[in-house]
Amino acid sequence: MEKKSFNTDFLVIGTGIAGLTFAINAATIGKVIIISKSKAIETSTDLAQGGIAAVIPGTDDSISLHIEDTLRTGVGLCKPYIVEKVISYAPEVISKLTKLGVKFSHNEGSSRNDFNCGLEGGHSRNRIVHIADYTGHAIEKTLLEKIYQNPNIELLEYHFAIDLLTQHHLPNYPIKPWENIECYGAYALDTKNEIVKTIIAKKTLLATGSAGVLYQHTTCPSVATGDGFAMAYRAGARIANMEMMQFHPTVLYNPNESKPTDFLISEAVRGDGGILYNIKHEKFMKKYTELGELGPRDIVARAIDQELKATGERFVYLEIRHKGKQYIKKRFPYIYQSCLNRGLDITKEMIPVVPAAHYICGGVIVDEHGRTDIENLYACGEVAHTGFHGANRLASNSLLEAFAFADFCFKHVKRIDLSSEKMPIIPDWDDSGVFDRGEWVIIKHNYKVLRALMWDYMGIVRSISRLERALTRVRFMWEEIEDFYRKNPVRRKILELRNMAYVAELMIRSALFRHESRGLHYLKDYPNIDTRFARDTILKSTGLYNETHLS
Ligand code: SIN
């Protein structure tokens, strides 16, 4: 008989760099349950190729230059004190990861501290500390090893967090008020055994990652369905800047790929001299920015989008052959091999590329300690909005932010005396009144339609009229999905689609609110920056759908 109810000090939802780092720390002071809705390794971290942006002492780089690059890229929406806090912490992040066993790439025949530092768009110095082109995978594997070995950590794979537990789950608790909300853990669906478990925790960390799967083309793994944003929003937390979806300029164009994830061609390829050509074999990036291939991502992605529209073609080319076979195989072994497996030898041929949804800069609002609006609920990694990235994220600043904030969250919880915290009694999941009506085609259909809708109507270049249409359609879909959710047993597919519909609605509504073009949000009707919008777009549910406060 499967155990249905758990009590723990810490519940960590998500197994990317943020969740794993926090879990390893938290296990030094209490019991940790960490859940992953799939296999633990299936994360955006695992797919991250680039690296970690960090100033290495003894180089021509400086903290103030890294801060300057981050603020410039964030186009007026970064919180400067957060930027300073994270970037000053970056050298420590590298040293902590090294101590944990991560082996960063070094220059040949050099000393221990002589990291091979790559260059990426928007950076004024070479500061991307990396492990060839599989940085995230190496980090993920190292951290997971620590998790497996730790007796204070219980890892539950294939456990899908359905909703956060709050006062609203207590028997006889009134629907209102929506102030002073507390988190007590989460209901989680054990997808293998199809039972819902109640995990009661003194502190919960949301580290659920991205929402890239809302788009038809994405670099994100298939698990990135925006679950954390949706759960936090439903529980009453404020969510900021959901219109700021970053499109990576270069993923491998492959019309036959049937998986949700497109294969990333790291920005490091352009950082190492890769050149973009349109289908007529003309270089085009200098038309759009003096920085050429190394312009900020929003500009490069929009430039490609414009070239595709102008030529009517389906992809542009990225060329790195001139670096020579030996160099390419050493610097980009993963990209080289993965392309070769798909029949493309990048040492001989140009790489057909297109942009794809990559990273969302908005998220659940947290303070400098990673605390959300909800008592006992922390968030870090991509799901969190710390104010670090602003309106556009500088390349390779995300693993940095995730690790740094996981540490900041831990430093905060460490000060709290957990032994005195009492936990409420939460009723088991109630699924009386539901039965499988066998209409699962609704889910399959809406999943496909929603992703196409987001790509076509809420993509790289937006317009008010398309956004309004998208909102109407998403709300209609949301009602159908919610109705299905209430009448059928919970399963991973419906939970994901429900969350995707919530997040799509938040994203479109946020985009409609920002009547300007700034960073990642480009609105044809308002093509310039407007200083009146030099602030975050904030959404908060009052518990009733549509009743939303925008500020
Ligand atoms: C890349 O390797 O291009 C991704 C790096 C990032 O998104 O920060």
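Hydrogens, waters and symmetry mates play no part in the numbers below; they use all other heavy atoms, side chains included. This one's a predicted model, so the numbers in the text were calculated from it and none came from an experiment. Quick note: residue numbers are just sequence positions, from 1. First listed ligand is number 1; within each ligand, the first listed atom is number 1.
- For the pair T537 (side chain) and N241 (backbone), a donor-acceptor distance under 3.5 Å is absent.
- The closest protein non-hydrogen atom to atom 2 (O) of ligand 1 is S266 OG, 2.6 Å.
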Contacts under 3.5 angstrom, residues 219-230 side chains, donor-acceptor by atom type, not counting sequence neighbours:
residue, atom, partner, partner atom, Å
T219, OG1, H358, ND1, 2.6
T225, OG1, K37, NZ, 2.8
T225, OG1, V223, O, 3.4
T225, OG1, D227, OD1, 2.9
T225, OG1, D227, OD2, 3.3
D227, OD1, N499, ND2, 2.9
D227, OD2, K37, NZ, 2.7

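- Numbered from 1 in the order shown, with element, the atoms of ligand 1 that lie under 4.0 Å from a heavy atom of A395 read 8 (O).
- Below 3.5 Å of separation, one finds no N or O of L264 facing any N or O of ligand 1.
- Within ligand 1, the atoms closer than 4.0 Å to a non-hydrogen atom of S396 are 6 (C), 8 (O), numbered from 1 in the order shown.
- Taking H412 as the reference, H369, Y378 meet the ring pair (Phe, Tyr, Trp, His ring centres under 6.0 Å) condition, with sequence neighbours excluded.
- In this comparison of R270, Q49, R297, Q246, the heavy atom closest to atom 6 (C) of ligand 1 sits on R297.
- Those atoms of ligand 1 with a heavy atom of H358 less than 4.0 angstrom away are 4 (C), 6 (C), 7 (O).
- Using a 4.0 Å cut-off to heavy atoms of E267, the atoms of ligand 1 that qualify are 1 (C), 2 (O), 3 (O).
- Electrostatic pairing of E307 and K287 counts as a salt bridge here, judged by a charged N lying under 4.0 Å from a carboxylate O.
- You'll find the ring centres of Y359 and H389 inside the 6.0 Å limit.
- Of the charged side-chain nitrogens involved, at least one lies within less than 4.0 Å of a carboxylate oxygen, so that R492 and E496 count as a salt-bridged pair.
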